[in-house]
Engineer: 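Dumping the structure here so I can ask a few things about it.
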Amino acid sequence: MTESSTRLQFEPALALLRERLREAAPGRIQLLAGPRQVGKTTLLLALAEELGTRARYVACDGPGATLPGFWERLWAEIASSAGSHVLLLDEVQALPSWPSLLKSDWDRVRRRRTPLHVVATGSSALRLGHGARETLAGRFERAELVHWSAAALATHFKLRPFRAAEVLVREGGYPGAMSLRADPARWTAYVRDAIVEPAIGRDLLALEAVRKPGLLRQVFAACVAAPAQIVALQKLQGVLQDRGALETIAHYLALLEDAYLVAALPKFSPSAARRRAAPPKLVALSNALLAATDPLGAPSPEGDPARFGRWVENACLAYAWCSGQRVSYWREEPLEVDAILEGSWGAWAIEVKTGAFSSSDLRGVLELARRNPPLRPLVLCEPEGVATAERAGVEAMDWRSFLLGGPPGVLR
């Protein structure tokens, strides 16, 4: 990501902002980045309702924000208001030169000690951080509202927990798409038109860093066609119609991660040079992106077990990434480990097995754990596979349970 920040689900993000808005004002500007359609606007509107007349909600991507003098009138109204207030700026990156505008007025607020809090949201980590790091340095704190988890789907949409995990694998976790699940055509159109196209066509293409829009779209398409697969940049370059330099492709992969679409996971290695030289493992950060772009639709474990296994693995790795863990993979032919997790969950070497497997299939995870004692080996599998893993001396759990709360021992 572009800078250090805390990745949060909807309810923890709301709780964090409530806590910070109770602090003495003015404090620091609160910047909340996140994917499109995960609830940033809903969160700000919830705060506005709770705060009542103290809050002012502004849609910066709305038609009113394009009118001459909009920004000046907004801050004049705030200056003339008595008492403490909270300004909620939604999709602030839609305003031209927003960091400079906000810095100027915020510095005046600080000088005059005006009792004002500011919360701003944006749909691209890169666009939201592009000017904030320099222009607003020392004036803001940042968090990320990430893709919804299976536990969040279960709570908000009254799904049985294991059913929520299965929905996350087949359809992703965009809350706005849940009401369209019975109509696949409408569901697909929603994901493409409300999420993918705005993220790529508006958020990323508005950056000077994108000089080949067609190539960016092709890189995204190639990534979602290879979920949870290790793909050399040279191979990725070979399947693209617009042949870009390897450096450009690597750069566009980083942009797609900043847009919360795709993560390019590095190889686990103590050597930084080896990590940089190794091909990335591509993970779509929501399985909705797979379902909306794969012409075959979501796979079933009976009809297409290999593809189903890749989708489960992709969902597990995306969930770990969204939970703020450092996620990588390991491979030394002929051995390979699906994921290494490091962070608040501890250190884990993880193998995902959705079909039948034997103890010999766990050689990779056992060898990696032997070489790196801090890593705990863990197999994510079907219930009937738990005994097989445990006989080989490896801890195991149902992959659905992992998607509901992470590895064993993690505080739920």
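Position 1 is the first residue of the sequence; numbering continues from there. Both backbone and side-chain heavy atoms feed into the values below; hydrogens, waters and symmetry mates do not. Only a predicted model underlies this, so the values are computations on that prediction, with no experimental measurement involved.
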Engineer: Evaluate whether atom CZ of R112 has more than 12 neighbouring non-hydrogen atoms of other residues, nucleotides or ligands under 6.0 angstrom away.
Structural biologist: no

Engineer: Listed by chain and number, what are the ring pair (Phe, Tyr, Trp, His ring centres under 6.0 Å) partners of H117, not counting sequence neighbours?
Structural biologist: none

Engineer: Rounded to the nearest 0.5 Å, how far apart are CG of L404 and CE of M397?
Structural biologist: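 Interatomic distance, L404 CG to M397 CE, rounded to 0.5 Å: 8.5 Å.
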
Engineer: Applying salt bridge (charged side-chain N to carboxylate O under 4.0 Å, His left out), name anything that partners D398, two or more places apart in sequence or on another chain.
Structural biologist: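 Once residues adjacent in sequence are excluded, the partners of D398 under the salt bridge (charged side-chain N to carboxylate O under 4.0 Å, His left out) criterion are R400.
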
Engineer: Can you name the residues that form a side chain to side chain donor-acceptor pair (under 3.5 Å) with R163, not counting sequence neighbours?
Structural biologist: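 R163 satisfies side chain to side chain donor-acceptor pair (under 3.5 Å) with no residue once adjacent residues are dropped.
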
Engineer: Once side chain to side chain donor-acceptor pair (under 3.5 Å) is applied, do any residues pair with R371, and if so which ones, sequence neighbours excluded?
Structural biologist: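 So R371 forms a side chain to side chain donor-acceptor pair (under 3.5 Å) with E332, E367.
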
Engineer: Give the table of side-chain donor-acceptor pairs shorter than 3.5 Å for residues 222-240, with sequence neighbours excluded, one pair per line with atom names and distance.
Structural biologist:
unit_1	atom_1	unit_2	atom_2	d
Q237	NE2	G244	O	2.7

Engineer: Residues in side chain to side chain donor-acceptor pair (under 3.5 Å) with W399, at least two apart?
Structural biologist: E382

Engineer: Only pairs under 3.5 Å count here: list side-chain donor-acceptor contacts from residues 303-319, not counting sequence neighbours, and write none if there are none.
Structural biologist:
unit_1	atom_1	unit_2	atom_2	d
D304	OD1	R307	N	3.4
D304	OD2	R307	NE	2.8
R307	NH1	D294	OD2	3.0
R307	NH1	G297	O	2.7
R307	NH2	G297	O	3.3
E313	OE2	K281	NZ	2.5
N314	OD1	A284	N	3.0
N314	ND2	A284	O	2.8
N314	ND2	N287	OD1	2.8

Engineer: According to ring pair (Phe, Tyr, Trp, His ring centres under 6.0 Å), who are the partners of Y174, at least two apart in sequence or on a separate chain?
Structural biologist: H147

Engineer: Tell me, please, which residues at least two apart from W187 pass ring pair (Phe, Tyr, Trp, His ring centres under 6.0 Å).
Structural biologist: none

Engineer: Distance from L265 atom CG to Y329 atom OH, nearest 0.5 Å?
Structural biologist: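 The CG atom of L265 sits 9.0 Å away from the OH atom of Y329.
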
Engineer: Please state whether the rings of Y260 and W321 are parallel, tilted or perpendicular, taking 30° and 60° as the class boundaries.
Structural biologist: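 Ring orientation, 0 to 90° scale: perpendicular.
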
Engineer: Below 3.5 Å, can you tabulate the donor-acceptor pairs from side chains in residues 336-348 to any protein atom, sequence neighbours excluded?
Structural biologist:
unit_1	atom_1	unit_2	atom_2	d
D338	OD2	V352	N	2.8
S344	OG	Q325	NE2	2.9
W348	NE1	W345	O	2.8

Engineer: Could you list the donor-acceptor pairs under 3.5 angstrom formed by side chains in residues 20-33, with sequence neighbours left out?
Structural biologist:
unit_1	atom_1	unit_2	atom_2	d
R20	NH1	Q30	OE1	2.8
Q30	NE2	R28	O	3.2
Q30	NE2	E141	OE1	2.8

Engineer: For the NE2 atom of H156 and the CG atom of L159, what is their distance to the nearest 0.5 Å?
Structural biologist: 11.5 Å

Engineer: Does the distance from a Lys or Arg side-chain N to an Asp or Glu carboxylate O, for K103 and D107, drop under 4.0 Å?
Structural biologist: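 So K103 pairs with D107 through a salt bridge.
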
Engineer: Taking salt bridge (charged side-chain N to carboxylate O under 4.0 Å, His left out) as the test, write out the residues that go with R391, two or more places apart.
Structural biologist: none

